[in-house]
Number of protein chains: 2
Amino acid sequence: MTQHRSADIDRAGKPVAMRPGIPEKNVPEATVGRLAVYLRALAALREHGVSTVSSEELASAAGVNSAMLRKDLSHLGSYGTRGVGYDVESLTSHIARTLGLTDEHAVAVVGVGNLGRALAGYAGFGARGIRVAALFDADPRQIGEQVGDLVVQSVDDLEFIVAQLTINIAVITTPAGPAQEVCDRLVAAGVTSILNFAPCILNVPAHVDVRKVDLAAELQILSFHEHRKGGLMALSPSAALGLGMVQ
Amino acid sequence: MTQHRSADIDRAGKPVAMRPGIPEKNVPEATVGRLAVYLRALAALREHGVSTVSSEELASAAGVNSAMLRKDLSHLGSYGTRGVGYDVESLTSHIARTLGLTDEHAVAVVGVGNLGRALAGYAGFGARGIRVAALFDADPRQIGEQVGDLVVQSVDDLEFIVAQLTINIAVITTPAGPAQEVCDRLVAAGVTSILNFAPCILNVPAHVDVRKVDLAAELQILSFHEHRKGGLMALSPSAALGLGMVQ
DNA sequence: TAGATTGTTAATCGATTAACAATC
DNA sequence: TAGATTGTTAATCGATTAACAATC
């Protein structure tokens, strides 16, 4: 959540994008998170044969406000045409390039439970720069099993294989227990970006990005909102209707 | 992402917490997201027999700054003791109550692929107010299958069962295609909070909260950060070392 | 040219952080 | 009392939104 932010700043305290040799404009973290969403909306539009789209249309497809969309895109440069809109094709490739999806990223998944399998099989990655290249597990019953195109490898061979395949991005879908050790070993093997599904905080050196997906927390947040709505709706849906809580 | 915010405000434009009859102080959205993390850190401390914890210790266990932790907790009231710290037990229950985890929430999971199964089997929920109470799928091969304690039900029976079990929270782990229809039916059956894993934007009435977990987007965000680090590290790890990028 | 829509500015809002007075 | 640590204030920072001049 907050963790990955630490790596936006290098040891000297300067924002990464300001370092000499990396000239790209600085893209705010919140914007980066939405670029992926725009990319998906653009892909859907392209499939429907749409070749030009206005900020209003694209924003509505992405579930955001059009002012925010234009502001987000302005960080990448000016790729729209006033009075007309954005060219779907060219905007797609500008966003993809900004996200670094023109490079091919090999990803390792550690932990081949249901969650790991879901990620390994996720078609959403394929085409777009991200490819699951290795699966690891500690359970001897899983090792050697075929999952999609890949064979599950022993976590004992993690360092060797990760280094061999020059994997920089890893997904941790182990239980909380082994997660920190797995993380340390991934980092030692050259991984610099981690997506963590294990319900624990990972300690990493400053050059490593960690993003955390916390499934229990997501449901607890919904629980909070239910609680806030709760009283009223549960006791009397019609009262809630009267208060305009229901459409 | 932004979607769930819309439901914080009712039709009259007043923040929910301000409505008469719901006196709790307003807790910022960002704080709510972290309360779940604190709760987990507290559980770990309690297991280690710790009965009192300072904001500094708890913050470090939760991976945040101690000022932020104290600020977050101040929204719940004053449950610490100056010069001493927080009582693990009592802080745990205050946070749990704030999150609405004292009520029992029955959750439906729609889509029993790997992701749905991962959630259905997630032990992290059990004890704490959240219980997966129904599983649905459209695939006849899945219907009737036993998953954990539950039998997979036909999505055709969704309305009846959701209403029957007074389920208010649902998780959508279907492909993007059927997600909106599933969502509409859940809402019609009384669901008011949705956790969406399908890679699409859901349109819901204002009284419904949607949180979105976008796995492809998470990896694309990491791809962006890799890209930013990329050039340097790939060409010359030793140069990167010299720039202080590596510990 | 007239209508449409971008890119940007400025205002607002919310979230984070540091610092410290209150107080155990 | 002296040391420690909370709860809160004020400063800063970043993100969102509305409005509009630029321009296709």
Side-chain angles (χ1 to χ4, degrees), chain A residues 1-6 8-9 13-18 25-35 37-38 50-60 62-88 90-91 94-95 221, chain B residues 1-6 8-9 13-18 25-35 37-38 50-60 62-88 90-91 94-95 221:
Chain A
M1 254 173 185
T2 340
Q3 275 197 36
H4 74 280
R5 196 138 336 143
S6 64
D8 289 348
I9 307 288
K14 262 182 293 175
V16 167
M18 298 285 168
K25 271 206 291 185
N26 199 47
V27 182
E29 204 44 42
T31 296
V32 174
R34 285 185 297 261
L35 289 180
V37 178
Y38 302 153
V50 178
S51 65
T52 299
V53 67
S54 71
S55 63
E56 199 64 58
E57 294 164 324
L58 183 54
S60 128
V64 303
N65 168 320
S66 73
M68 190 152 77
L69 173 77
R70 289 197 301 277
K71 179 106 225 197
D72 283 341
L73 295 185
S74 76
H75 295 291
L76 319 193
S78 298
Y79 299 122
T81 308
R82 291 169 201 240
V84 177
Y86 300 89
D87 179 72
V88 170
S90 99
L91 185 57
H94 284 303
I95 294 179
I221 293 166
Chain B
M1 249 171 193
T2 339
Q3 274 198 39
H4 74 282
R5 196 138 339 141
S6 64
D8 290 347
I9 307 288
K14 263 182 289 176
V16 168
M18 299 283 168
K25 273 208 290 184
N26 199 48
V27 182
E29 205 44 43
T31 295
V32 175
R34 285 185 297 261
L35 289 180
V37 178
Y38 302 153
V50 178
S51 65
T52 301
V53 68
S54 70
S55 63
E56 198 65 56
E57 294 164 323
L58 182 54
S60 128
V64 302
N65 167 321
S66 73
M68 190 152 76
L69 172 77
R70 291 198 300 279
K71 180 104 224 199
D72 282 342
L73 295 185
S74 76
H75 295 291
L76 319 193
S78 298
Y79 298 122
T81 309
R82 290 169 201 240
V84 178
Y86 299 89
D87 180 72
V88 170
S90 99
L91 185 56
H94 284 304
I95 294 178
I221 293 165

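Chain naming here is simple, since letters A, B, ... match the order of the sequence lines and numbering starts at 1 in each.
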- Please name all residues satisfying side-chain contact (heavy atoms from CB on, under 4.5 Å) with A/S90, sequence neighbours left out, ordered by chain then number. A/D87, A/H94
- Query: For A/R34 and D/dA15, what is the distance between atoms CZ and C1' respectively, to the nearest whole Å?
  - Reply: 8 Å
- Item | Closest to side chain of A/S74, choosing from D/dG7, C/dG7, C/dT16 | C/dG7
- Could you tell me the separation between the CG atom of B/L69 and the C1' atom of D/dT8, rounded to a whole number of Å? 14 Å
- Query: Tell me: CG of A/D72 to C1' of D/dA15, nearest whole Å?
  - Reply: 10 Å
- Task: List the protein contact pattern of nucleotides 18-24 of chain D with one symbol per nucleotide (5' to 3'): B for base contact, S for sugar-phosphate-only contact, - for none; contact means a heavy-atom distance under 4.0 Å.
- Result: BB-BBBB
- Going by heavy atoms in the side chains, are A/I221 and B/E29 under 4.5 Å from each other? yes
- Task: Nearest whole angstrom, please: distance from the P of D/dT5 to the OH of B/Y86.
- Result: 12 Å
- Note on the structure: Test side-chain contact (heavy atoms from CB on, under 4.5 Å), reference A/L58, set A/V50, A/L91, A/V64, output is A/L91
- Looking only at heavy atoms, the pair that brings B/T31 and B/H75 closest together is OG1-CD2, 3.8 Å
- Query: Minimum heavy-atom separation for B/E57 to B/T52, with atom names?
  - Reply: OE1-O, 4.4 Å
- Could you tell me the separation between the CG atom of B/L35 and the CG atom of B/L73, rounded to the nearest 0.5 Å? 7.5 Å
- Using atom CE of A/M68 as one end and atom C1' of D/dA15 as the other, report the distance to the nearest whole Å. 9 Å
- Item | Approximate separation, where rounding is to 0.5 Å, of B/E56 CD and B/N65 CG | 8.0 Å
- Query: Does some side-chain heavy atom of B/Y38 sit less than 4.5 Å from a side-chain heavy atom of B/L69?
  - Reply: yes
- Query: Is the shortest side-chain N/O distance from B/S55 to OP1 or OP2 of D/dT6 below 4.0 Å?
  - Reply: yes
- Query: In whole Å, what is the span from the CD atom of B/E56 to the C1' atom of C/dT17?
  - Reply: 13 Å
- Task: For DNA chain C, write out the stems as range with range, using runs of 3 or more consecutive Watson-Crick or G-U pairs with both distances under 3.5 Å.
- Result: C:3-24 with D:3-24
- Query: Do A/R70 and A/Y86 touch side chain to side chain, with heavy atoms closer than 4.5 Å?
  - Reply: yes
- Check the distance between D/dC13's P and A/N26's CG and give it to me in whole angstrom. 14 Å
- Item | Atom pair distance, as rounded to whole Å: CD in A/E29 and P in D/dC13 | 18 Å
